[in-house]
A.B. asks: 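Just dropping this structure here.
Throughout, protein chains are lettered first and strands after them, A, B, ... in sequence-line order, and every chain is numbered starting at 1.
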Protein chains: 2
Amino acid sequence: MASFDVDKIAPATEPARALAGEHEPCQGCTVRHLTVCAPLADEELHEISQIAQTVELSPGDPLFDEGEPARHVFNVTAGTLRVYKLLADGRRQVIGFLFAGDFVGLANNETYAYSADAVTHAALCRFPRTRLENLLGRYPKLQTRMLSVASHELAVAQEQMLVLGRKTAKEKIATFLHTLSRRAEARGQNGNPVHVPMSRTDIGDYLGLTTETVSRTFTQLRTRGYIALRSGGKVEITAPESLREIAEGL
Amino acid sequence: MASFDVDKIAPATEPARALAGEHEPCQGCTVRHLTVCAPLADEELHEISQIAQTVELSPGDPLFDEGEPARHVFNVTAGTLRVYKLLADGRRQVIGFLFAGDFVGLANNETYAYSADAVTHAALCRFPRTRLENLLGRYPKLQTRMLSVASHELAVAQEQMLVLGRKTAKEKIATFLHTLSRRAEARGQNGNPVHVPMSRTDIGDYLGLTTETVSRTFTQLRTRGYIALRSGGKVEITAPESLREIAEGL
DNA sequence: CGTGAAGTTGAGTATGCTCAACGGTGGTGG
DNA sequence: CCACCACCGTTGAGCATACTCAACTTCACG
């Protein structure tokens with residue numbers, strides 16, 4: 001994971017600070033194989049480099065807010081983001097967490113349908129939407145990849161509906177930890193112990209639970225020997241197979 | 001709404017019966033403007049006609065099951081379908097309901113990630129996946145449309161996460177009726193009274209509630225004057241603005 | 001009409017929420 | 001350097017929303 005220079009953190013009035021593009025930022029991109037950019041050839045990568053800018057965020061910094069004109073799309077290159085929707089009275093539903101390689105900002109309207117902000121220090125690669133759409137027209141491989149990313153996200157969202165609508169608190173937390181572990185492995189990180197950078201409140205708002213219930217359920221899973229809480233927000237899954245069975249409702 | 005000849009209903013062993021393609025079935029398609037086929041020119045429509053087949057389903061007939069090889073994609077031309085996922089012990093989460101114009105079967109794996117079956121008599125237009133993907137490569141407009149459909153579905157799924165995770169039973173039912181009404185209008189049907197063809201159990205499995213709670217909540221909305229239950233599964237929304245406010249959590 | 005499925009209503013309960021207190025921890029400033 | 005403070009996490013007690021189990025009604029279809 002990259003480290004961040006705190007001096008570069010943007011003030012509140014300009015939360016998503018775009019750094020000047022390097023000469024060929026995309027050529028050296030360490031997470032390219034995970035992103036929508038994966039299928040691009042050198043020539044095409046050069047072109048996409050021209051329209052890419054880097055954005056860095058501090059914990060809590062907004063990337064964009066629901067309802068805002070959707071001018072950019074992003075690739076996460078480091079850190080953790082949270083994507084969420086709000087009700088008028090402040091109830092929050094976290095739609096998902098984003099890690100290195102994840103794509104964000106796909107909107108079918110002219111405005112974002114959700115808000116996104118930083119959980120940890122994070123870095124993203126930013127593309128103006130209109131210019132990327134122009135590239136999509138010329139690079140069918142990129143469009144195919146976008147469709148693939150969108151259908152994958154759709155499948156993930158549908159799986160989460162099953163979690164939210166039909167699983168118990170215990171099953172929800174077990175599913176969450178299992179999925180987080182699998183995603184860490186998919187991007188080449190350690191899946192066990194798994195890094196859990198978000199707060200109990202974030203997890204609750206993701207799973208349709210309160211912080212108290214999340215905390216109690218962690219405790220329950222811990223005292224029953226399925227997991228162990230390590231320092232630095234790490235969770236060791238001590239009985240992976242049993243945890244998976246709980247997650248599946250068995 | 002089209003009526004269906006019960007004699008054409010497929011037996012249990014061949015639930016999704018494909019009828020012989022007509023000469024130019026797509027030319028006369030009454031819901032084309034709603035579907036992924038909307039942007040196609042006559043020439044292209046002719047070509048997609050060649051690979052299209054018609055499927056008719058009786059209430060309860062499966063279209064496909066989760067885990068089955070994803071050989072086809074479909075456009076709904078008439079009737080109502082339900083799409084759902086199951087847990088091992090039988091708990092069911094309905095992912096969505098499909099009406100005329102809706103697209104179904106997008107899969108990023110080789111298998112379907114959910115099951116789909118008929119709520120009412122229904123008709124669909126079926127395309128072999130590999131042959132449609134071939135067309136996608138040659139008709140960028142079609143691919144763009146597919147991406148647009150996928151991002152729209154993603155936005156709908158994310159909205160449903162908010163419903164499942166953070167709304168009360170009353171808000172869920174109000175949201176459900178409001179959305180159903182809007183969708184009916186979007187395909188040129190009457191949004192009020194709105195046709196509600198699915199059972200209380202289906203609605204419960206869609207909203208993360210039991211049938212009893214769905215029934216009680218309908219009664220509550222009825223006695224308080226927000227809705228009236230009409231014959232033939234129609235619901236009249238007697239106080240649309242108030243219902244919308246309940247749906248928004250106000 | 002008879003029958004079975006779907007819907008409604010009631011009574012009691014449990015899962016997860018609310019309100020509250022307390023402990024740990026990391027950041028900040030005296 | 002350490003004391004303070006705010007935030008996060010944990011735990012407890014009581015409660016409410018929605019669930020379970022059950023009976024009864026309505027409706028569609030023979």
A.B. asks: Under 3.5 Å, side-chain donor or acceptor atoms of residues 176-183 of chain B against the rest of the protein: list the pairs with distances, not counting sequence neighbours.
C.D. replies:
unit_1: T179(B); atom_1: OG1; unit_2: T175(B); atom_2: O; d: 2.8
unit_1: S181(B); atom_1: OG; unit_2: G191(B); atom_2: O; d: 2.6
unit_1: R183(B); atom_1: NH1; unit_2: F97(B); atom_2: O; d: 3.1
unit_1: R183(B); atom_1: NH2; unit_2: F97(B); atom_2: O; d: 3.0
unit_1: R183(B); atom_1: NH2; unit_2: D102(B); atom_2: OD2; d: 2.6

A.B. asks: Distance under 4.0 Å to a non-hydrogen atom of chain B counts as contact; along DNA chain C, which nucleotides mark the start and end?
C.D. replies: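 Span of nucleotides near chain B: dG7(C) to dA11(C).
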
A.B. asks: Answer yes or no: is there an ion pair linking R222(B) with E236(B), defined by an N-O contact shorter than 4.0 Å?
C.D. replies: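 A salt bridge is absent here (no side-chain N lies under 4.0 Å from a carboxylate O).
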
A.B. asks: Specify the residues of residues 217-230 of chain A, ordered by number, for which at least one heavy atom lies under 4.0 angstrom from an atom of DNA chain D.
C.D. replies: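 T219(A), L229(A), in order of number.
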
A.B. asks: Checking Q53(A) against R126(A): is there a side-chain donor and acceptor pair closer than 3.5 Å?
C.D. replies: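 Yes.
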
A.B. asks: Just so I know, are the side chains of I173(A) and V214(A) near enough to count as touching, which here means a heavy-atom distance under 4.5 Å?
C.D. replies: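 In short, these two side chains touch, coming nearer than 4.5 Å.
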
A.B. asks: So, D202(A) and R92(A), do they make that salt bridge, N to O below 4.0 Å?
C.D. replies: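 Here D202(A) pairs with R92(A) in a salt bridge, since their nearest N and O are under 4.0 Å apart.
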
A.B. asks: Please work out which of the three classes, parallel, tilted or perpendicular, describes the rings of F64(B) and Y114(B), given edges at 30° and 60°.
C.D. replies: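 Tilted.
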
A.B. asks: In residues 157-166 of chain B, what residues come within less than 4.0 Å of DNA chain D, judged by heavy atoms?
C.D. replies: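 None - not one residue of the stretch has a heavy atom sitting under 4.0 Å from the strand.
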
A.B. asks: Base, sugar-phosphate or nothing for T168(B)? Non-hydrogen atoms, less than 4.0 Å.
C.D. replies: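 The answer is sugar-phosphate, as T168(B) gets under 4.0 Å only of primed atoms, P, OP1 or OP2.
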
A.B. asks: Please state how far atom CZ in R200(B) lies from atom C1' in dA18(D), giving the value in whole angstrom units.
C.D. replies: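 The answer, rounded to whole Å, is 17 Å.
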
A.B. asks: For each nucleotide in nucleotides 21-30 of chain D, reading 5' to 3', give B when a protein heavy atom comes within less than 4.0 Å of its base, S when such contact involves only the sugar-phosphate, and - otherwise.
C.D. replies: B---------

A.B. asks: Once you round to the nearest 0.5 Å, how far does CG of L154(A) lie from CD of Q158(B)?
C.D. replies: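 Here the rounded value is 9.0 Å.
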
A.B. asks: Indicate the atoms forming the closest heavy-atom contact of A100(B) with V31(B), along with that distance.
C.D. replies: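 Heavy atoms of A100(B) and V31(B) come nearest at CB-CG1, 3.9 Å.
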
A.B. asks: Considering non-hydrogen atoms only, spot the tightest contact between T80(B) and A122(B) and give its length.
C.D. replies: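 The pair with the smallest heavy-atom distance is N-CB, 4.2 Å.
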
A.B. asks: For a quick check of understanding: with a heavy-atom distance under 4.0 Å over all strands, which category does G233(B) fall into, base, sugar-phosphate or nothing?
C.D. replies: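 Answer is nothing: G233(B) stays at 4.0 Å or more from every strand.
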
A.B. asks: Would one find a side-chain N or O of S215(A) under 4.0 angstrom from OP1 or OP2 of dT10(D)?
C.D. replies: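 For dT10(D), OP1 or OP2 has a side-chain N or O of S215(A) closer than 4.0 Å.
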
A.B. asks: Measure the distance from NZ on K170(B) to P on dA16(D) and round it to the nearest whole Å.
C.D. replies: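 So the NZ-P distance, K170(B) to dA16(D), works out to 17 Å.
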
A.B. asks: Using 4.0 Å as the upper bound for N to carboxylate O, is an ion pair formed by R91(A) and D205(A)?
C.D. replies: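 Between R91(A) and D205(A) there is no salt bridge, as every charged N stays at least 4.0 Å from the carboxylate O atoms.
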
A.B. asks: Is there any ring pair (Phe, Tyr, Trp, His ring centres under 6.0 Å) pair reaching into residues 207-250 of chain A, and which pairs are they, with sequence neighbours excluded?
C.D. replies: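 Residue pairs with at least one partner in residues 207-250 of chain A: there are none.
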
A.B. asks: For R91(B) and dT20(D), give me the distance from atom CZ to atom C1', rounded to whole Å.
C.D. replies: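 After rounding, the gap between these two atoms is 15 Å.
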
